[in-house]
2 protein chains.
Amino acid sequence: MLHEDVVGRIRTILLDGEIPPGARIPERELCERLGISRTPLREALKVLAAEGLVQLLPHRGSRAAKLTDKDMRDLFEVCQGLEALAGELACERITDAEIDEIAAAHAAMVQHYRDGDLIQYYRGNRAIHEAIVNAAGNPVLAGLYTSVTARIRRARYVTPMTPQRWALAVKEHEAILNALQRRDGTGLSHILRAHLRHKREEVLQAGFAETEGNDLTLRIA
Amino acid sequence: MLHEDVVGRIRTILLDGEIPPGARIPERELCERLGISRTPLREALKVLAAEGLVQLLPHRGSRAAKLTDKDMRDLFEVCQGLEALAGELACERITDAEIDEIAAAHAAMVQHYRDGDLIQYYRGNRAIHEAIVNAAGNPVLAGLYTSVTARIRRARYVTPMTPQRWALAVKEHEAILNALQRRDGTGLSHILRAHLRHKREEVLQAGFAETEGNDLTLRIA
DNA sequence: GCGCTCCAATTTGAATGCAAAATTGTAGGA
DNA sequence: TCCTACAATTTTGCATTCAAATTGGAGCGC
């Protein structure tokens, strides 16, 4: 197994909440499970610690990072900035074909909205945001975006929505697609920021910080 | 020696160009020099690889990352976005005392400009940019900024300047301080972007990508 | 009965050793 | 003379081993 794979598998375990935020990461157990020894596992944990997904306590082991309200706010704030930048750049560089793909993804997402399928809606939603970021044609930006969104994914894509908020989100996505089709970078950037600001408010108002005993996965249902 | 120290020391070695971009990183040699064994060194290298400072080639060792023109452009682009965001947030959150500190740093920097001391000018310049980012009160943002700027530091703060460009940069910094004092977030964000865009143009026009045999350190003089 | 101290056991962090892969140097042939 | 194939050497990546630090608990004193 390659080093990057080890990092990826542990990342998945953490993002799935299999090891809940704040919980100790059992080195020996993970080693057995992944079929590797402690050396490569520890290398991966250090990398994930640098990413902010793991917290390292000297001589006391590693824990899955737990996000406070402040952390969540900070991450959303940065995410807004990154998406806004991506939106501007995307409008300059995106191809017509890519716009069409995003339009198709948007239509599919709206259908999931009409079906009331939140899970599929979120999946499509995420794909659109990622497509915009990728259309910016800046791998550095895309990398940071991936890293930042990974940390808030559970809060962002697991929050239940009220009908009003959901309707607003869909409306905002109409505007996003529209700005993209008009290649209105400034406009897109503003809409994306508002869109994310609303999302952040939802998440924070719902008290979705990863505090003790707040199992996000349960709330999907 | 603590893990983080190992990472920091290697980072310094790389940023100082002691191991030039593209060069192989001699594991054994570095181990002796730092007085550690290969295990912690390799852990540090993996972290630095995740940061983008080191390139890891499976079964072929690690090299100091070499930036192409495209990499440089991408990094500057992201840096612009981060500073613009930081500027906006800073205007909302900065204290009067912090503004005074930045004003003092600005005055000192202008004096270095008058003295024609580029090294000291760059040092003060960097301190101001960092102070603005810190005033944003967002550790996540500050962390990303540190990581991104580290990668372009050599190009950003080693480029020689023409008198015209230098004068323009100082003028822009006047505007930056002014916007900050007026707490004009939007204005500051625009100035910062323009300021960095100009810097990026300087760097790229000077052909400062880290291509073969382009020893940036020599150009300080 | 409660709390402190000291010791054992577990766990972390680092060094060493070993197998696999890549690089290099060399010899043989065209 | 140059290219190719092969072997020796070096280097990487990982497992194991060892020392140091922490945690938990038993025993002792208050």
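Within every chain, numbering begins at 1; the chains are lettered A, B, ... in the order of the sequence lines, protein sequences first and strands thereafter.
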Review point. Any donor-acceptor pair under 3.5 Å between the side chain of B:Ser37 and the base of C:dA14?
Key: no
Practice item. Return yes if the base of C:dG13 and the side-chain atoms of A:Arg38 contain a donor-acceptor N/O pair under 3.5 Å, otherwise no. Key: yes
Take the protein atom [atom1] of [X] and the nucleotide atom [atom2] of [N], then report the distance between them rounded to whole Å.
X       : N      : atom1 : atom2 : value
A:Leu41 : D:dG13 : CG    : P     : 17 Å
A:Leu45 : C:dG13 : CG    : P     : 10 Å
B:Glu43 : C:dG13 : CD    : P     : 9 Å
A:Arg24 : C:dT10 : CZ    : P     : 14 Å
B:Glu27 : C:dT16 : CD    : P     : 15 Å
B:His59 : C:dA20 : NE2   : P     : 12 Å
B:Glu29 : D:dT10 : CD    : C1'   : 15 Å
B:Glu32 : D:dT11 : CD    : C1'   : 15 Å

Point to revise | 5' priority, DNA chain C, between B:Arg28 and B:Ile36 [closest heavy atom] | key: B:Ile36
Practice item. Kindly assign one of parallel, tilted or perpendicular to the pair B:His173 and B:His106, based on the angle between their ring planes and the thresholds 30° and 60°. Key: parallel
Review point. Between C:dG13 and A:Arg42, is there an OP1 or OP2 to side-chain N/O distance shorter than 4.0 Å?
Key: yes
Got a donor-acceptor contact below 3.5 angstrom from the [X] side chain to the [Y] backbone?
X        : Y        : value
B:Asp74  : A:Asn138 : no
A:Ser147 : A:Gly143 : no
B:Arg200 : B:Met72  : no

Practice item. Name the nucleic acid region contacted by A:Leu57, choosing base, sugar-phosphate or nothing; use a 4.0 angstrom heavy-atom cut-off, strictly under. Key: sugar-phosphate
